[in-house]
Amino acid sequence: VKAYNASNWLSLGGMATNEQRMDLRDKADWLPEQPVRVVAVPYRLSGNLLAAAGFDTFDGSINLNLTSVAHFWKNGVLKGVGEVGSGYIDLNRAGLDWKCCTSYALDPFIDVNLLRLVNVGFILSTLPLSSQWLVKVAGPDDTALPPRASDPLSVKLEKMAKAALMASPVFVYKIENPLPRLYAAHQIAYQTASGDTTAQLREGLDAQQALLREEDRQTGFQPTPDLTIQSFSLVKDGVTAEVNAAKGGVLVANIPFLPFWTASADGIPVPLVASDGGVHMAVAVPPGAKRVELRYVRPTLMDRLKSLV
């Protein structure tokens, strides 16, 4: 066990290097004002670490991924991934050896463009990356590399010793035009009978389409060109949005669906359903609404027990 831990420490770094990452968010002058998510290439840098540093991540979690999020990774973002459960699924499942090379072309392995659907606007990595969808916006020269399998032994040992004590520099790559955290749907589509939503998600991405389940067809979701979001704020356990909705419309929250979410418009409950395979939620906004509120309230065990009395 000690030998295994020592090997991980040398190849991946330890707590000292992780602590050096805690100010990454404070130094991120490349982040826009509006909320946007990041993901990490998990070599000497993890989504959980970025979440701890204050980033809004799509691959960082203190629990198991939701099934909808796991399916999005497995069936959409990752190309050719094998059978996996709904546990931790991230770019580590892409089938790439992150220790071998001096740079990585992502497009044969990862649908980078589809990450835009879930508000991912940046990929952070300790390794140089390339993709038709990525633009480097921060980081060192591409020659600043952590230990590589192709390095001569003496060079590799020197790099490993240095990397065990000092965090590797981070490359930051921007994905243009991720879908916002909250937006008005321009059109509605319904899942096909096959249940494979990936092709439909790709087709509807640039149209800001809300892809709903067939069973939600009768719930009154009608997009209109008049719905606009004036402002919104992320509050504890929810979202509050000020809207103009003279003719109503469909509001999409770029938040994975769970049955504990509810929505209201000007204090009146309105329909909220899963959208886009469950990685989003869609809200039916009635004509004339000015404020839409989404709230997450999960009953406690005590609440459940009281309901049985």
Side-chain angles (χ1 to χ4, degrees), residues 21-40 45-63 65-66 68-69 72-73 76-77 90-91 112-125 133-135 137-138 170 172-186 201 205-206 208-210 227-244 249-258 260-263 272 274-283 285 291-296:
R21 305 284 194 201
M22 291 300 102
D23 63 350
L24 270 178
R25 175 64 177 79
D26 297 333
K27 296 179 178 178
D29 55 1
W30 39 266
L31 277 176
E33 291 185 7
Q34 292 298 317
V36 67
R37 295 188 177 106
V38 305
V39 297
L45 188 70
S46 71
N48 285 350
L49 182 61
L50 293 181
F55 287 97
D56 195 347
T57 68
F58 189 69
D59 54 351
S61 176
I62 60 172
N63 209 328
N65 286 334
L66 297 175
S68 59
V69 173
F72 179 77
W73 277 109
V77 176
D90 54 20
L91 296 184
V112 175
N113 187 47
L114 193 60
L115 285 170
R116 293 171 47 220
L117 183 78
V118 290
N119 188 232
V120 172
F122 297 91
I123 297 180
L124 276 61
S125 171
W133 307 106
L134 294 180
V135 177
V137 295
V170 174
V172 181
Y173 297 91
K174 182 178 182 180
I175 306 173
E176 296 286 355
N177 301 318
L179 290 187
R181 191 63 55 89
L182 212 65
Y183 60 91
H186 293 170
L201 292 178
L205 176 57
D206 291 318
Q208 292 192 189
Q209 169 186 282
L227 175 63
T228 57
I229 301 167
Q230 301 304 300
S231 64
F232 71 91
S233 56
L234 305 179
V235 300
K236 182 180 179 180
D237 297 329
V239 183
T240 298
E242 308 298 328
V243 302
N244 281 338
V250 177
L251 188 70
V252 177
N254 212 318
I255 301 170
F257 172 81
L258 279 172
F260 308 110
W261 283 97
T262 60
L272 178 150
S275 179
D276 301 309
V279 295
H280 292 162
M281 299 184 290
V283 178
V285 180
R291 171 174 286 194
V292 176
E293 294 178 300
L294 282 66
R295 294 294 182 266
Y296 180 88

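Along the sequence shown, residues carry numbers from 1.
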Side chains of [X] and [Y] in contact at under 4.5 Å (non-hydrogen atoms):
X	Y	answer
L179	L205	yes
L124	V39	no
P256	W261	no
V137	F122	yes
Q209	D276	no

Which pair of non-hydrogen atoms, one from [X] and one from [Y], has the smallest distance, and what is that distance?
X	Y	result
L234	R181	CD1-NH1, 3.9 Å
R21	L49	CG-CD2, 3.5 Å
V252	A210	CG2-CB, 4.0 Å
N254	H280	OD1-NE2, 2.9 Å
G278	S68	O-OG, 3.4 Å
A282	V250	CB-CG1, 4.1 Å

Classify the ring geometry between W30 and F55 as parallel (under 30°), tilted (30 to 60°) or perpendicular (over 60°).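 Ring orientation of W30 relative to F55: parallel.
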Quick one: salt bridge (Lys or Arg N to Asp or Glu O under 4.0 Å) partners of R295, sequence neighbours excluded?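 For R295 the salt bridge (Lys or Arg N to Asp or Glu O under 4.0 Å) partners, ignoring immediate neighbours, are E293.
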Identify, with sequence neighbours excluded, every residue that meets salt bridge (Lys or Arg N to Asp or Glu O under 4.0 Å) alongside D237.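 Not a single residue meets the salt bridge (Lys or Arg N to Asp or Glu O under 4.0 Å) criterion with D237.
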Would you find a donor on one side and an acceptor on the other, under 3.5 Å apart, between the side chain of R37 and the backbone of V118?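 Here the side-chain-to-backbone pair exists.
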Can you tell me how far the [atom1] atom of [X] sits from the [atom2] atom of [Y], to the nearest 0.5 Å?
X	Y	atom1	atom2	value
D59	L50	CG	CG	7.0 Å
L45	I123	CG	CD1	12.0 Å
H186	Q208	NE2	CD	4.0 Å
F232	T240	CZ	OG1	11.0 Å
L294	T262	CG	OG1	7.5 Å
Y296	I255	OH	CD1	11.5 Å

Of N113, I175, V172, which meets side chain to side chain contact (heavy atoms under 4.5 Å, CB included) against L134?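 The residue from N113, I175, V172 that satisfies side chain to side chain contact (heavy atoms under 4.5 Å, CB included) with L134 turns out to be I175.
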Full working for side chain to side chain contact (heavy atoms under 4.5 Å, CB included) between F257 and L272: CA-CA 9 Å; F257 172 81; L272 178 150; 3.7 Å; yes
F58: which residues meet the ring-ring contact (aromatic ring centres under 6.0 Å, His included) condition with it, sequence neighbours left out?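 Per chain and number, F58 pairs via ring-ring contact (aromatic ring centres under 6.0 Å, His included) with F72, W73.
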